[in-house]
Q: 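A single structure is presented below for examination.
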Amino acid sequence: MDGLRFLGIALLAISPVLGVVALAVRYAGARARPLTGVDYHRVHDAAALHRWAGRRLAILPATAFVLGLASLRMPGLALPLAGLFALVSMVVGAWIALGAERFNRPT
């Protein structure tokens with residue numbers, strides 16, 4: 001049971017780290033290039049892209065925090081909740097990767 005409690009603690013511990021990342025992207029401005037996989041030569045408004053992506057990335061620390069608390073309260077659900085967090089992370093990553101295309105210049 002201690003190993004399962006560790007998953008809850010890990011989710012709680014990663015929550016502020018993900019929050020800092022989301023804020024760093026959100027306030028990156030126009031010159032920074034914090035997003036990997038984005039061709040910044042094609043982006044027409046990098047600051048707007050960073051604001052948009054930062055708001056979506058803010059889903060991750062909130063999800064990690066809520067699922068971490070739930071894992072500590074119900075250790076038997078820790079593994080499925082950690083899997084749910086992994087799934088949410090993939091969905092948010094895909095959402096950002098696909099949505100970033102709207103910030104590209106028309107070709």
Side-chain angles (χ1 to χ4, degrees):
M1 205 50 99
D2 289 334
L4 295 177
R5 192 170 300 278
F6 174 76
L7 287 175
I9 293 169
L11 284 170
L12 287 174
I14 200 168
S15 182
V17 174
L18 291 172
V20 168
V21 170
L23 287 172
V25 171
R26 166 70 175 83
Y27 294 105
R31 293 189 173 225
R33 296 176 179 208
L35 299 173
T36 60
V38 173
D39 184 7
Y40 279 98
H41 297 303
R42 295 178 52 204
V43 173
H44 66 84
D45 190 356
L49 169 63
H50 295 151
R51 286 190 305 271
W52 179 84
R55 285 190 302 268
R56 271 103 194 125
L57 284 172
I59 294 168
L60 297 178
T63 303
F65 183 76
V66 169
L67 295 179
L69 287 178
S71 294
L72 288 178
R73 292 186 55 89
M74 300 170 281
L77 292 177
L79 193 56
L81 292 176
L84 178 61
F85 178 72
L87 179 66
V88 168
S89 298
M90 288 186 275
V91 168
V92 168
W95 187 10
I96 291 171
L98 295 173
E101 296 294 319
R102 7 180 256 153
F103 294 92
N104 287 346
R105 288 186 191 96
T107 54

Q: Would you compute the distance between atom CG of Asp45 and atom CZ of Arg105 and round it to the nearest 0.5 angstrom?
A: 10.0 Å

Q: Kindly compute the distance separating CG (Leu60) from OG (Ser89), expressed to the nearest 0.5 Å.
A: 4.5 Å

Q: Please report the closest heavy-atom contact between Pro61 and Ser15, naming both atoms and the distance.
A: O-OG, 2.9 Å

Q: Please determine whether the number of non-hydrogen atoms from other residues, nucleotides or ligands lying under 6.0 Å from atom OH of Tyr27 exceeds 12.
A: no

Q: Could you give the distance from OG1 (Thr63) to CG (Leu87), rounded to the nearest 0.5 Å?
A: 10.5 Å

Q: Out of curiosity, Phe103 CZ to Tyr40 OH, how far, rounded to the nearest 0.5 Å?
A: 11.0 Å

Q: Just by distance, do the side chain of Arg33 and the backbone of Ala46 share a donor-acceptor pair under 3.5 Å?
A: no

Q: Find out if a path of hydrophobic residues (ILVMFWY) with successive side-chain heavy-atom gaps under 4.5 Å connects Leu84 to Phe65.
A: no

Q: Between Ile59 and Leu12, is there shared hydrophobic-cluster membership here, with clusters defined by ILVMFWY side-chain heavy atoms closer than 4.5 Å?
A: no

Q: Consider only side-chain heavy atoms of I, L, V, M, F, W and Y, link residues closer than 4.5 Å, and tell whether Leu35 and Val92 are in one cluster.
A: yes

Q: Report whether Leu11 and Leu4 are members of the same hydrophobic cluster (ILVMFWY, side-chain heavy atoms less than 4.5 Å apart, transitive linking).
A: no

Q: Is the Trp95 ring parallel, tilted or perpendicular to the Trp52 ring (thresholds 30°, 60°)?
A: perpendicular

Q: Check for me, please, whether Leu67 and Met74 land in the same ILVMFWY cluster - side-chain distances under 4.5 Å, paths through other members count.
A: yes

Q: What's the separation between atom CZ in Arg31 and atom NE2 in His50, rounded to the nearest 0.5 Å?
A: 13.0 Å

Q: Rounded to the nearest 0.5 Å, what separation is found between the CG atom of Leu72 and the CG atom of Leu7?
A: 10.0 Å

